[in-house]
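Below you'll find the structure, written out as C-alpha cells, and then a few comments.
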Amino acid sequence: MPTRNQLLDAFREMGVLLELDGANTFKSGAYSKAVRILGDESIDIGEHVQKHSLTSINGIGKGIAEKIEEFWSKGSIGELEELRAKFPAGLVEMTAIPGFGAKKARAVFQELGVTNIEELQRAAEDGRLADLKGFGKKTAEKILDGIAQHRRHQGRHRIDTAWQAARPILEALRGHKAVQRAETAGSLRRWRESAKDIDFVCATENPKDVMEFFAALEGVEAVIGRGDTKASVRLANGINADLRCVAPAQFAYALAHFTGSKEHNVRLRQRAIERGLKLNEYGLFPEGKDVPLEAKDEAAIHDHLGLPFIAPELREDMGEIEAAADNALPNLIVREDIVGLMHMHTTYSDGQPAVEDYAAWAHRNGIAWMGIADHSQSAVYAGGLKPEAVRAQWREIDEVNKRWEKKGVRLLKGIESDILVDGSLDYDDELLGGFEFVVASVHSRFNLSEDEQTRRVIAAVEHPRTTILGHMTGRLILRRDGFALRQKDVIKACAAAGTVIEINANPHRLDLDWRLVHYAIDQGCLLSIGPDAHAIAGLDDVRYGLGAARKGWATKDDIVNCWSADKFIAYARDKKKR
DNA sequence: GCCGTTTTCGGCCCGACTGTTTTCAGTCG
C-alpha cells in the first residue's frame, strides 16, 4: 500500500515535470495544489479511494482523482512515467535552485544537453551557459551561487534558526529614524516549522535610506538584489532575507500580503473580487478607483472584507476564511494563558539544570508549576533514572517545594518513560504510581513496521499510568522524518483513553505536527505544550510550541498547561483508576 | 487540471525585480 508521502512526492514531481513539458501553468499548478490539499492528514486517502469519493474534495477533480486511484492500486502513475522518460531526473532537482525554474531547466537541457546540477555547474563555469539565448554572464554567476546555496542548506531553515537571524535585524530596522513600523512577515510570522527565507516589511517615507541601511547591516554577506522598495540579501548564516518598504498608509496591506500564505492571499483576493474590490499589497481598491480603502491595521482589512481578524498563524487556507465568515474562529490560546510547564530534564539524567533551577525560573517568569520529567532507566545513553534515583529525586523535589511554595511555585514529580518495544512502560506499576504524571515517549526501535509501531504506541497510550504521549513521531525537522506510524489511529486511541498528546516545543521536533493538532482537538483530545528542555534556555522554546498550538486552532481549553497544578495532577491520578 | 444559481467553456490573483532585451520572459512570493 503506498503512503501519503509517496503520493505527494509523485505529485510534486508531476507538477515540475508538467512545467518542464510546457504544460498550461494551471495544469501543473493543479498538482501542486493537490499536494497541499492532500498533505492534510485528516483526509483519509485510502478511504476516499475505496469509496470513489475523491472528487468530493474541493480542488480534486476527475483527472487527479484518477491519478490517485492509479497510484493507490499500482504504486505508479502512467503519465508520470512517460514524463520521466522525457526528462532526466536531475532536471527536477535543478528547479530547486533559487532563481532557476522550469523554463531555464528546459532550455539548458534542450540547448546544452545538461541533465543534472553537476553538469549545470560545469556549463556555468566554462561559459557555455552565458552564451545561451536569454542567459548571460550574470545569470551564470547567479546560478553558481544558487547551486552552492542549494547544496549548503537544501533551501530551508528551522524556525529557531530563522528567528535568531531575524530578531537583531528587526530591532535594527525599528531603531532606524526613518522607520515608523517594522515587522517580520512570511512563514516566520505564521510560525511555520521552517522558513525558506526571512521577510521584513517597513513603513517609511524614505525607502532609499532604509534600503541602504538594511543592505549594510552587520551579518549581511551579500546583496542579491536591490530596487527602490525591495531588497534581498544573504545573511552570513546562509539565510536569505527580503525587505519591503512601503508608505505608512500601505503598511497593513503590505504586511498582510507578505505574511501570506500565498494560498490564503489568493482566497482573500477572490473574496475582494466578489465584493467589487481589488486587493494587492498596496491596498484594497474599489472597482475603477485608484484610492484604496483606509486600513490602519490588518483587522481593518479583514473588516473591509466582512471578516473578523484572522490571526497570522491561521492563514494557511485551511478553513480559516470559511470559519471567519461564519464568525466561528477559535479564541486562540495566548502566552498568558499558560500557567504550567511540563517535560524538562535535570542533572539526574541528561539535563544541565538542577531541580531547583526550574523553580527559580518559574518564579522569575510567572509560571505556577513545572513538571520535571527526566529519562527513565532504559534510556541508558541519556542517563535514565534507576528506581533509587527516582526516589532520591522525589525527596529533592519535596525539599525544593518546601522552599518555594510560599512564593507560589510548585514542582511536579514526573518522568519521561521510554515506551519499550512491546508498548509497555519502563518501570513497574508501583513505582509508576508514585509519579504525579508520566510522559511516555519512543526513543528506540524507530524502524518497526507501521503496524508494529502503531500497536506499540497505542498500547502505551492506553496504559493507565500514561498521562501524556511525548513527541509522537520522533521526527527531526529538516533532518529526519518521523517513524512509520498511523498517527490518526494513535490520536483516536488517545482521545478514547484520555491521554494528553504533547506538542513538543523543541524547534527540532514540533511534534505533534500542527497540521494534526486541529484534528486531535476535533477528536476530543487534550494537548500539552512540552518544552522538553535540557537547559534553562530550552524553556524559551515554549514560544514555538505555542505557535504550533495556535496554528492548530487550539484554545486555552484544549491545552493542559492552562490548568492549575491540582487539576492536572487530579486528572493524571483519576486516569490511573480508569 | 479545476470549476460553475450568469457559465460544461473559458477563465483561473497580482505585482516586483532581474537580466536580457529595447518590450519582455522568467522567477518569486
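Proteins get letters first, then strands, A, B, ... in listed order; numbering begins at 1 in each. Because the structure is predicted, anything quoted here is derived from the model rather than measured.
When the nearest nucleotides of DNA chain B are assigned to A:Y282 and A:K27 by heavy-atom distance, the more 5′-ward of the two goes with A:K27. Summary of the strand contacts: A:S28 and A:Q270 both lie near DNA chain B, and taking for each the nucleotide with the nearest heavy atom, the more 5' one is attributed to A:S28.
With a cut-off of 3.5 Å on both pairing distances, B:dT8 has no Watson-Crick or G-U wobble partner at all.
Counting heavy atoms of neighbouring residues, nucleotides and ligands inside a 6.0 Å radius, atom CD of A:Q6 exceeds 12 of them. Around atom CG of A:D126, more than 12 heavy atoms belonging to other residues, nucleotides or ligands sit under 6.0 Å away. In this structure, A:N58 places its CG atom where only 12 or fewer heavy-atom neighbours from other residues, nucleotides or ligands lie under 6.0 Å away.
B:dC2 and B:dT7 have their P atoms separated by 22 Å, given to the nearest Å. The separation of B:dC12 from B:dC17, taken at their C1' atoms, amounts to 24 Å, rounded to a whole angstrom. Across the P atoms, B:dT22 and B:dA16 are found 24 Å apart, a figure rounded to whole Å. Nucleotides B:dG19 and B:dT23, compared at atom C1', are 13 Å apart to the nearest Å. For B:dC14 and B:dC9, the P atoms lie 25 Å apart once the distance is rounded to whole Å. For the P atoms, the distance linking B:dT21 with B:dG26 amounts to 13 Å, nearest Å. One C1' atom belongs to B:dT20, the other to B:dA25, and the distance between them is 9 Å to the nearest Å. For the C1' atom pair drawn from B:dT8 and B:dC3, the interatomic distance equals 10 Å after rounding to whole Å.
For B:dT7, the base adopts the syn conformation, since its glycosidic angle falls within 90 degrees of zero.
Within residues 107-143 of chain A, the residues that place at least one heavy atom under 4.0 Å from DNA chain B are, in residue-number order, A:G134, A:F135, A:G136, A:K137, A:K138, A:T139, A:K142.
Across the protein-nucleic acid pair, A:R12 atom CZ and B:dG1 atom P stand 20 Å apart, rounded to whole Å. Rounded to whole Å, the distance from CZ on A:R226 to C1' on B:dA16 is 16 Å. In this structure, CD of A:E287 is placed 11 Å from P of B:dC14, rounded to the nearest angstrom. If you take CZ of A:F26 and P of B:dC12, they are 7 Å apart, rounded to a whole angstrom. Atom-to-atom, CD1 of A:I68 to C1' of B:dG1 comes out at 12 Å; the value is rounded to the nearest Å. Atom CZ of A:R244 is separated from atom P of B:dA16 by 6 Å (rounded to the nearest Å). One can place CD of A:E274 at 11 Å from P of B:dT5, the figure rounded to the nearest angstrom. Rounded to a whole Å, the CE atom of A:M14 is 10 Å from the C1' atom of B:dG1.
Under the 30°/60° scheme for interplanar angles, the aromatic rings of A:W163 and A:W191 are found to be tilted.
Counting only residues at least two apart or in different chains, side-chain hydrogen bond (donor to acceptor under 3.5 Å, both in side chains) contacts with residues 90-112 of chain A comprise A:E93-A:H150.
A:T229 comes within 4.0 angstrom of sugar-phosphate atoms only, judged by non-hydrogen atoms across all strands, and of no base. Within the 4.0 angstrom heavy-atom criterion, no nucleotide atom of any strand lies near A:R267. Here A:L18 lies out of heavy-atom contact (under 4.0 Å) with every strand. Here A:K278 lies in heavy-atom contact (under 4.0 Å) with sugar-phosphate atoms only.
Inspection of the A:Q121 and A:R151 side chains reveals an N or O donor paired with an N or O acceptor under 3.5 Å.
Dashed line: the shortest gap from a side-chain N or O of A:N58 to OP1 or OP2 of B:dC3 is under 4.0 Å.
Using a cut-off of 4.0 Å between Lys/Arg side-chain N and Asp/Glu carboxylate O, A:E320 and A:R315 are scored as not salt-bridged. A salt bridge does not link A:K142 with A:D145: none of the charged nitrogens is closer than 4.0 Å to a carboxylate oxygen.
Contact of the A:N116 side chain with the A:P88 side chain is not registered, since no non-hydrogen atoms from C-beta on lie closer than 4.5 Å.
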B/S/- along nucleotides 24-29 of chain B (protein heavy atoms under 4.0 Å) is --SSSS
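Across all their heavy atoms, A:A10 and A:L80 have their closest contact at CB-CD2, 3.9 Å. Residue A:R226 comes nearest to A:V223 through the heavy atom pair CB-CG1, 4.2 Å, listed as atom of the first residue, atom of the second, then distance.
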